[in-house]
Amino acid sequence: MKNAEIAKIFYEIADLLEMQAVQFKPQAYRKAARTLEGMSEDIEKVSGEGRLTELAGVGEALAGKIQEYLKTGKVKHLDELKKKIPGNLDELLKVQGLGPKRALVLYDKIKIESIDDLEKAARQGRIRRIEGFGEKTEQDILKGIEMYRLGTKRMLLGVALPLAREIVEKLKSLKEVKRAEIGGSIRRRAETIGDIDILVTTSNPSKISKFFVSMPEVERVFAEGDTKSSILLRNGKQVDLRVLKEDEFGSALQYFTGNKDHNIKLRNIAIKKGLKLSEYGLFRKAGSKRIAGRSEEEVYKKLGLQYIEPELREDQGEIDLALKNKIPKIIGYGDIKGDLQMHTKNSDGVNTVKEMAVAAKSMGYEYISMTDHSQSEKIANGMEPERLLKYIQGIRKAEKEVKGIRIFASAEVDIKSDGSLDYSDDILKKLDIVTVSIHSGFKMEKEKMTQRICSGLQNKHVDIFNHPTGRYINRREPYEMDFEKVVQTAVKNKVHLEINSSPERLDLKDSLIRKAKELGADFTISTDAHSVDGLKAMEYGIAMARRGWLTKKDVINTRSLKELPKYFKNLK
DNA sequence: GCCGTTTTCGGCCCGACTGTTTTCAGTCG
Ligand SMILES: Nc1nc2c(ncn2[C@H]2C[C@H](O)[C@@H](COP(=O)(O)OP(=O)(O)OP(=O)(O)O)O2)c(=O)[nH]1
Ligand SMILES: [Mg+2]
Ligand SMILES: [Mg+2]
Ligand SMILES: [Zn+2]
């Protein structure tokens, strides 16, 4: 997919235009770049179908540049701009605090073209002598270079959310703090997180800010003000704090939750109504009287919109639907009745069936499903048919012992390279639920992989397709396949798609969930726990389902035990 | 460069913090 490459080009054009003080075009290029980054569909496909100008922020001119890049691998406009300002601009701008305007000055005055140039100049004290720069700026640039060189990646949601909750608890322990809430991409439950955003309401802002910037784990303070502070923790994570008054809580949380494009759209709606929206509230332009701000619900309502759940605030059509009151009620965090994928000591898990069942029961589940690995998974201690039969007996026994929770005997069965399954039908029919996965041969070409998966899904016992794309966030790309065809095959054969809640997988991801739903799919959400502790990951999977616009009805394991059998072939 | 239940021209989100400035531009959220 060339989406990201083209986004990068648009960002670079935007920066070069901004250097020349061109008005508005930089925002236009950046808006289009964000659209490209946020979409899951291949831009080449969109272009092929003549739908480029349907993309938000893409008009005739940018559609032309996208086509140009797809055809020639170049965008002339960028090459032209680069003639005026050569050098490694996109690298330079990754230094925090250095934007297009000052980068241009550095190039004009002392020919800075790269990070290495920049570092040398700063160390030699040549930057402080430039008009508009100074000693502090020079130091900040060096620190910025150091940070850039650390090359910090975006955090997994599974890392960021617990960390954010800890900080929130800490802030809540102060008696001056009325409310402390997580904002930003964590509140929207994005799969990866750039920084930790926290909102506090209080009547004593300076006290809170002082406390925040002097916490023991603070490495650096980027900024400290009355309503906004920003720090770097020793663990390398950035935390932004906004401090506002209690009666501004709603508008402040709305602002700080974002995303950026969602905010801009809301603010434009306000403008059209003769209003103004900011973190301080919704105001009448004339007279500046405040008409909302205490709660988010109030802000959306006064703008003429249905309330929008944070997970949907991605500028992916939610605002248009909210204007028409047409956003569906998405699945809730309490709607799950059981967990349908987990591993035990029988393969590569660390707990016994009984231990998993006791833990699940205490979480209020009505049922769980054991899905230990099939025989080809030698490194994961996959089970030979004989051992599988004993495993099933063990599950029946554990179920009698634990009582009060149904334990399904299932397995995570490999779809082998030729598309056959890792157990014969004679074995598969002994399981309550059959789930299948791709665990090897990831490098297969698209056609073959699609064929392989589809033949696996057509087996008459198969119920669930696990972690359907096989990706590991930041570590392994999804395997190549024709997603539409796979989903269509799943739908036709009544195979449910798993939303794997494991934070490094989150597979299916949000945009593909939404797409699969449009294609008629239904889903299970499961943790793939390899220990009792792993069962807690369910909230991440539910978050993805919400971001994929799923309702309770779309997810099979929201059903009670009684309703469940009709969704699984061997249980019918 | 994009876009449209007040517009196909004339708007384009709004505000905080910092350093180097005598009043604000640049950068970031
Ligand atoms: N109105 C407005 N709000 C913004 C803008 N930039 C950021 N925000 C708001 C919405 C964001 O969700 C929130 C936090 O900003 P961040 O830069 O931390 O972005 P976010 O948390 O969404 O993503 P991240 O994972 O941190 O990259 O602040 C902006 O340019 N305008
Ligand atoms: Mg953030
Ligand atoms: Mg932030
Ligand atoms: Zn697996």
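By convention in this document, chain letters (A, B, ...) are assigned in the order of the sequence lines, proteins followed by strands, and residues within each chain are numbered from 1.
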Visitor: Taking all non-hydrogen atoms of both residues, which atom of Phe133(A) and which atom of Val105(A) are closest, and how far apart?
Guide: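 Smallest heavy-atom distance, with atoms named: CE1-CG1, 3.7 Å.
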
Visitor: Identify, with sequence neighbours excluded, every residue that meets salt bridge (Lys or Arg N to Asp or Glu O under 4.0 Å) alongside Arg546(A).
Guide: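 Testing Arg546(A) for salt bridge (Lys or Arg N to Asp or Glu O under 4.0 Å), a comparison that skips the adjacent residues, returns Glu309(A), Glu311(A).
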
Visitor: Cut-off 3.5 Å, no hydrogens considered: what does the side-chain donor-acceptor table look like for residues 189-196 of chain A, sequence neighbours left out?
Guide:
from, atom 1, to, atom 2, distance (Å)
Arg189(A), NH1, Ile186(A), O, 2.9
Glu191(A), OE1, Arg471(A), NH2, 2.8
Glu191(A), OE2, Arg471(A), NH1, 3.0
Thr192(A), OG1, Arg154(A), NE, 2.9

Visitor: Looking at every strand, decide which applies to Ile264(A) at a 4.0 Å heavy-atom threshold: base, sugar-phosphate, or nothing.
Guide: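 The answer is base, as Ile264(A) lies within the cut-off (heavy atoms under 4.0 Å) of a base atom.
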
Visitor: Give a yes-or-no answer on whether the side chains of His262(A) and Glu314(A) include a donor-acceptor pair shorter than 3.5 Å.
Guide: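 Checked: His262(A)/Glu314(A) side chains show no N/O donor-acceptor pair below 3.5 Å.
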
Visitor: For dG1(B) and dT7(B), measure between their P atoms and round to the nearest Å.
Guide: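 That atom pair is separated by 25 Å.
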
Visitor: Considering only the C1' atoms, how many Å lie between dT6(B) and dA16(B), rounded to the nearest integer?
Guide: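 Straight-line distance between the two C1' atoms is 33 Å.
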
Visitor: When the distance from OH of Tyr280(A) to C1' of dC14(B) is rounded to whole Å, what number comes out?
Guide: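 These atoms are roughly 10 Å apart.
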
Visitor: Please list, for nucleotides 3-7 of chain B, all pairs of protein and nucleotide N/O atoms separated by less than 3.5 Å.
Guide:
from, atom 1, to, atom 2, distance (Å)
dC3(B), OP1, Gly57(A), N, 3.0

Visitor: When rounded to the nearest Å, what value does the distance between P atoms of dC13(B) and dC3(B) take?
Guide: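 The same atom, P, in both gives a distance of 13 Å.
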
Visitor: Rounded to the Å, how far apart are Lys285(A) NZ and dG11(B) C1'?
Guide: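 That distance rounds to 11 Å.
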
Visitor: Please tell me whether Thr551(A) and Asp554(A) have a donor and an acceptor in their side chains that are separated by less than 3.5 angstrom.
Guide: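 Thr551(A) vs Asp554(A): donor-acceptor pair found between side chains.
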
Visitor: For Tyr11(A) and Arg30(A), test the side chains for any donor-to-acceptor distance below 3.5 angstrom and give the result as yes or no.
Guide: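 Absent: no donor and acceptor within the cut-off.
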
Visitor: Find the partner of dT27(B): check Watson-Crick (N1-N3 plus N6-O4 or O6-N4) and G-U wobble (N1-O2, O6-N3) distances, both under 3.5 Å, and reply none if neither fits.
Guide: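 By the stated definition (distances under 3.5 Å), dA16(B) pairs with dT27(B).
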
Visitor: So, is Lys276(A) near the phosphate of dG15(B), with a side-chain N or O under 4.0 Å from OP1 or OP2?
Guide: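 So the side chain of Lys276(A) is within the cut-off, an N or O lying under 4.0 Å from OP1 or OP2 of dG15(B).
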
Visitor: Hey, mind stepping through Glu246(A) and Ser203(A) against side-chain contact (heavy atoms from CB on, under 4.5 Å) and telling me if it holds?
Guide: CA-CA 8 Å; Glu246(A) 177 61 17; Ser203(A) 46; over 6 Å; no

Visitor: For each nucleotide in nucleotides 24-29 of chain B, reading 5' to 3', give B when a protein heavy atom comes within less than 4.0 Å of its base, S when such contact involves only the sugar-phosphate, and - otherwise.
Guide: --SSSB

Visitor: Side chains of Thr469(A) and Asp507(A): do they bring a donor and an acceptor to under 3.5 Å?
Guide: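 Yes, side-chain donor-acceptor contact under 3.5 Å.
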
Visitor: When you measure from every atom of DNA chain B, which of residues 219-227 of chain A have a heavy atom less than 4.0 Å away?
Guide: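 Contacting residues: Ala223(A), Glu224(A), Gly225(A), Asp226(A), Thr227(A).
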
Visitor: Identify every side-chain donor-acceptor pair in residues 143-150 of chain A under 3.5 Å, counting partners at least two apart or on other chains, and give the distances.
Guide:
from, atom 1, to, atom 2, distance (Å)
Arg149(A), NH1, Glu119(A), OE1, 2.8
Arg149(A), NH2, Asp116(A), OD1, 2.8
Arg149(A), NH2, Glu119(A), OE1, 3.4

Visitor: Say you pick atom P in dT23(B) and the same atom in dC28(B); how far apart are they, in whole Å?
Guide: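 Nearest-Å result for dT23(B) against dC28(B) at atom P: 25 Å.
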
Visitor: With the threshold set at 4.0 Å, does a side-chain nitrogen-carboxylate oxygen contact exist between Lys245(A) and Glu248(A)?
Guide: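 Salt bridge between Lys245(A) and Glu248(A), a charged N being under 4.0 Å from a carboxylate O: yes.
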
Visitor: For residues Thr257(A) and Arg187(A), is any side-chain donor paired with an opposing acceptor at under 3.5 Å?
Guide: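 The answer is yes; a qualifying pair exists.
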
Visitor: What integer number of Å spans the C1' atoms of dC2(B) and dT8(B)?
Guide: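 Roughly 12 Å separates the two C1' atoms.
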
Visitor: For Ile130(A) and His77(A), find the nucleotide of DNA chain B closest to each by heavy atoms; which residue's nucleotide sits nearer the 5' end?
Guide: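 Nearest nucleotide further toward 5': that of His77(A).
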
Visitor: For Leu266(A), report the nucleic acid contact type (base, sugar-phosphate, nothing); a contact means any heavy atom under 4.0 Å.
Guide: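 The residue Leu266(A) makes no contact with any strand.
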
Visitor: Counting side-chain heavy atoms from C-beta on, which of dG1(B), dC12(B), dC14(B) comes nearest to Asn268(A)?
Guide: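 The answer is dC12(B), which lies nearest to the side chain.
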
